[in-house]
A.B. asks: 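Mind looking over this structure? Questions follow.
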Amino acid sequence: MTRSTRCILVTGACGQIGSELTPVLRERYGDDNVIATDIRSPETACLRDQGPFEQLNVCDRGAIDAIIERYDIHTVYHMAAILSGTGEEKPNLAWNVNLRGLMNVLEIARGRQLFRVFSPSSIAVFGPETPPDYTPQTTILQPTTMYGITKVTGELLGEYYVQRFGLDVRGVRYPGVISSETPPGGGTTDYAVDIFYHALQSKRYTCFVRPDTVLPMMYMPDCIKATLDLMDADSDSLRDHCNFNIASMSFSVEQLCSEIKKHIPEFVCEYEPDFRQAIADSWPRTVDDAPAREQWGWRPQFDLASMTADMLEKLAPRLKSSRR
Ligand code: VAH
């Protein structure tokens, strides 16, 4: 299926994934063909100056529809979400943004017969009853966080719009995503981003989960690759749509610390587990991503060593210049 030249809408474009996905989409489809939106104003000049940016609250269905009309949008990457940690502090906000926002996008996409909608999910859909090792894609989904509840519901909503209305909705279950372009957000896995800033700036970090906490993680380049590979896949090759497990690496906090110490030998990590320990303990240690590999050729490229080296290489000069 050839992609028409009509425009692409990215919601949550200032977020951790949106802020790196948007420039890649603009590189691919043309700066002016990718409309970046977020409830916040863009901090990075790249987002603000590289192409169209609109302030947008995804809970405002009329505002979404007006942007889709104005720019003749044909594909939506719906990245706006409240993550797990913030979602436990503000469960009502998480419900509204994650589900009313998604429902608005799906209803508009259905009404306007849009080409394709990307609706991300997360390993947060799993809960304490889910098998923790090589967690299958089809299994018990009883999350214990509001974020996880919204993501399970989001997967079911997406599949409903595929089956009931023939809308092309796709999604992957992102693991913890590690990236260098935005500061750590409200996610439980964001310790794995924050630790790099502290390792470079003070050589010390106090982690909010235990050293033996193992979680599935992914470096941003692989996260973007998975997103685009799924969206490029031929519809006929997909048996599943909105709930693909994707894996690249799983590691414990102490394994990450050991890898960082290969570059910064003086680095010290201390531990003060907080409410996010219970969230992390409810998620799997590793996931089985055979369906993604079989149906659309998923293959990660980064591992713990190459991610760590690249993160430090990207962050060091930026943090050094910001200290001047
Ligand atoms: C979070 N980074 O920590 C997100 C992610 C698997 C976790 O969805 O909430």
Side-chain angles (χ1 to χ4, degrees), residues 1-83 96-120 154 158 161 167-172 174 177 179-183 185-186 220-221 223-232 314 318:
M1 163 127 19
T2 55
R3 193 182 290 278
S4 83
T5 54
R6 289 166 61 199
C7 288
I8 293 170
L9 171 66
V10 180
T11 68
C14 296
Q16 179 189 24
I17 300 173
S19 61
E20 298 204 44
L21 175 64
T22 300
V24 173
L25 288 171
R26 284 175 166 164
E27 177 72 28
R28 210 185 216 206
Y29 298 111
D31 291 349
D32 291 338
N33 293 329
V34 181
I35 317 312
T37 66
D38 200 291
I39 196 165
R40 295 176 284 168
S41 305
E43 274 117 41
T44 60
C46 158
L47 269 184
R48 192 180 50 244
D49 307 335
Q50 189 187 49
F53 181 88
E54 299 273 357
Q55 204 135 19
L56 173 67
N57 178 345
V58 293
C59 293
D60 180 345
R61 181 167 163 177
I64 300 172
D65 200 45
I67 287 174
I68 288 179
E69 171 73 22
R70 183 180 321 142
Y71 290 96
D72 190 16
I73 298 291
H74 87 316
T75 295
V76 179
Y77 286 81
H78 182 49
M79 309 308 288
I82 300 293
L83 298 181
N96 277 325
V97 170
N98 297 3
L99 286 178
R100 268 182 60 201
L102 175 59
M103 195 63 181
N104 287 340
V105 168
L106 292 173
E107 270 299 284
I108 293 167
R110 174 176 73 88
R112 291 176 173 270
Q113 295 183 327
L114 295 192
F115 172 65
R116 201 158 284 175
V117 175
F118 182 75
S119 170
Y161 274 75
L167 186 62
D168 190 331
V169 190
R170 305 180 182 196
V172 294
Y174 289 130
V177 176
S179 62
S180 58
E181 299 312 302
T182 55
M220 182 61 79
C223 167
I224 301 294
K225 181 176 181 295
T227 306
L228 297 183
D229 285 357
L230 174 57
M231 287 293 271
D232 285 346
K314 284 202 166 73
R318 191 179 321 143

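Quantities reported herein were computed from a predicted structural model and do not represent experimental measurements.
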A.B. asks: Might you point out which heavy atoms bring Leu167 and Leu114 nearest each other, and give the distance in Å?
C.D. replies: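 The answer is CD1-O, 3.9 Å.
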A.B. asks: Got a second to check how far Ile68's CD1 is from His74's NE2, nearest 0.5 Å?
C.D. replies: 12.0 Å
A.B. asks: Search all heavy atoms of Ser180 against all heavy atoms of Lys314 and return the closest pair with its distance.
C.D. replies: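 Where Ser180 meets Lys314 most closely, the heavy atoms are OG-CD, 3.4 Å.
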A.B. asks: Please give me the minimum heavy-atom distance between Tyr174 and Cys223, naming the atom from each residue.
C.D. replies: CE2-SG, 3.4 Å
A.B. asks: Strictly below 4.0 Å, N to O, side chains only: are Arg112 and Asp65 in salt-bridge contact?
C.D. replies: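 Yes, Arg112 and Asp65 are salt-bridged.
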A.B. asks: Write down the atom of Arg26, the atom of Gly51, and the distance for their closest heavy-atom approach.
C.D. replies: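 In this case the closest contact between Arg26 and Gly51 is NH2-C, 3.2 Å.
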A.B. asks: Distance-only, no hydrogens or angles: does the Thr11 side chain make a donor-acceptor pair with backbone N or O of Ala80 under 3.5 Å?
C.D. replies: yes
A.B. asks: Going by side-chain hydrogen bond (donor to acceptor under 3.5 Å, both in side chains), name the residues that satisfy it together with Glu54, two or more places apart in sequence or in a different chain.
C.D. replies: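 Here the qualifying residues are Arg70, Tyr71.
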A.B. asks: Once side-chain hydrogen bond (donor to acceptor under 3.5 Å, both in side chains) is applied, do any residues pair with Asn96, and if so which ones, sequence neighbours excluded?
C.D. replies: none
A.B. asks: Name the residue from Leu25, Val34, Val117 that meets the side chain to side chain contact (heavy atoms under 4.5 Å, CB included) definition with Tyr77.
C.D. replies: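 The residue from Leu25, Val34, Val117 that satisfies side chain to side chain contact (heavy atoms under 4.5 Å, CB included) with Tyr77 turns out to be Leu25.
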A.B. asks: Are the side chains of Ser119 and Val105 in touch, meaning some heavy atoms are under 4.5 Å apart?
C.D. replies: no
A.B. asks: With side chains defined as the heavy atoms from C-beta onward, is the minimum distance between Val169 and Phe118 less than 4.5 Å?
C.D. replies: no
A.B. asks: If you count every heavy atom of other residues, nucleotides or ligands that lies below 6.0 Å from Gln55 atom CD, does the total exceed 12?
C.D. replies: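 Buried by this count: over 12 neighbours within 6.0 Å.
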A.B. asks: When rounded to the nearest 0.5 angstrom, what is the spacing between CG in Asp38 and CG in Asn57?
C.D. replies: 10.0 Å
A.B. asks: Do the side chains of Ile8 and Ile73 get nearer than 4.5 Å, heavy atoms only?
C.D. replies: no
A.B. asks: Determine, stepwise, if the pair Val24 / Leu228 fulfils side-chain contact (heavy atoms from CB on, under 4.5 Å).
C.D. replies: CA-CA 9 Å; Val24 173; Leu228 297 183; 3.6 Å; yes
A.B. asks: Decide side chain to side chain donor-acceptor pair (under 3.5 Å) for Ser179 and Gln16; before the verdict, give the C-alpha distance in whole Å, the side-chain angles of both, and the deciding distance to 0.1 Å.
C.D. replies: CA-CA 7 Å; Ser179 62; Gln16 179 189 24; 3.1 Å; yes
A.B. asks: Of all the heavy-atom pairs spanning Cys14 and Arg40, show the shortest one and how long it is.
C.D. replies: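 Taking every non-hydrogen atom into account, O-NH2, 3.2 Å.
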A.B. asks: Return each pair, listed once, that meets side chain to side chain donor-acceptor pair (under 3.5 Å) where at least one residue sits in residues 98-111; pairs must be two or more places apart or across chains.
C.D. replies: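 Qualifying pairs, neighbours excluded: Asn98-Thr150, Glu107-Arg110, Glu107-Tyr161.
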A.B. asks: Whether Arg116 and Asp168 form a salt bridge (side-chain N of Lys/Arg under 4.0 Å from carboxylate O of Asp/Glu) is what I want to check.
C.D. replies: yes
A.B. asks: Pick from Val10, Val177, Thr22, Thr182: which one makes a side chain to side chain contact (heavy atoms under 4.5 Å, CB included) with Ile17?
C.D. replies: Val177
A.B. asks: Within this structure, what is the CG-CD1 distance for the pair Asp60 and Ile64, rounded to the nearest 0.5 Å?
C.D. replies: 7.0 Å
A.B. asks: So how far is it from Tyr29 OH to Cys7 SG, rounded to the nearest 0.5 Å?
C.D. replies: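 One gets 12.5 Å once the value is rounded to the nearest 0.5 Å.
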A.B. asks: Roughly how far, to the nearest 0.5 Å, is CD1 of Ile35 from CD1 of Ile67?
C.D. replies: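 Rounded to the nearest 0.5 Å, the CD1-CD1 separation comes out at 8.5 Å.
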A.B. asks: Return the CZ to CG distance between Arg28 and Leu21, rounded to the nearest 0.5 Å.
C.D. replies: 10.0 Å
A.B. asks: Could you report the tightest heavy-atom contact between Phe115 and Thr75, atom names first, then the distance?
C.D. replies: CD2-OG1, 3.3 Å
A.B. asks: For Arg170 and Thr227, run side-chain contact (heavy atoms from CB on, under 4.5 Å): C-alpha distance rounded to whole Å, both residues' side-chain angles, the deciding distance at 0.1 Å, then the answer.
C.D. replies: CA-CA 9 Å; Arg170 305 180 182 196; Thr227 306; over 6 Å; no
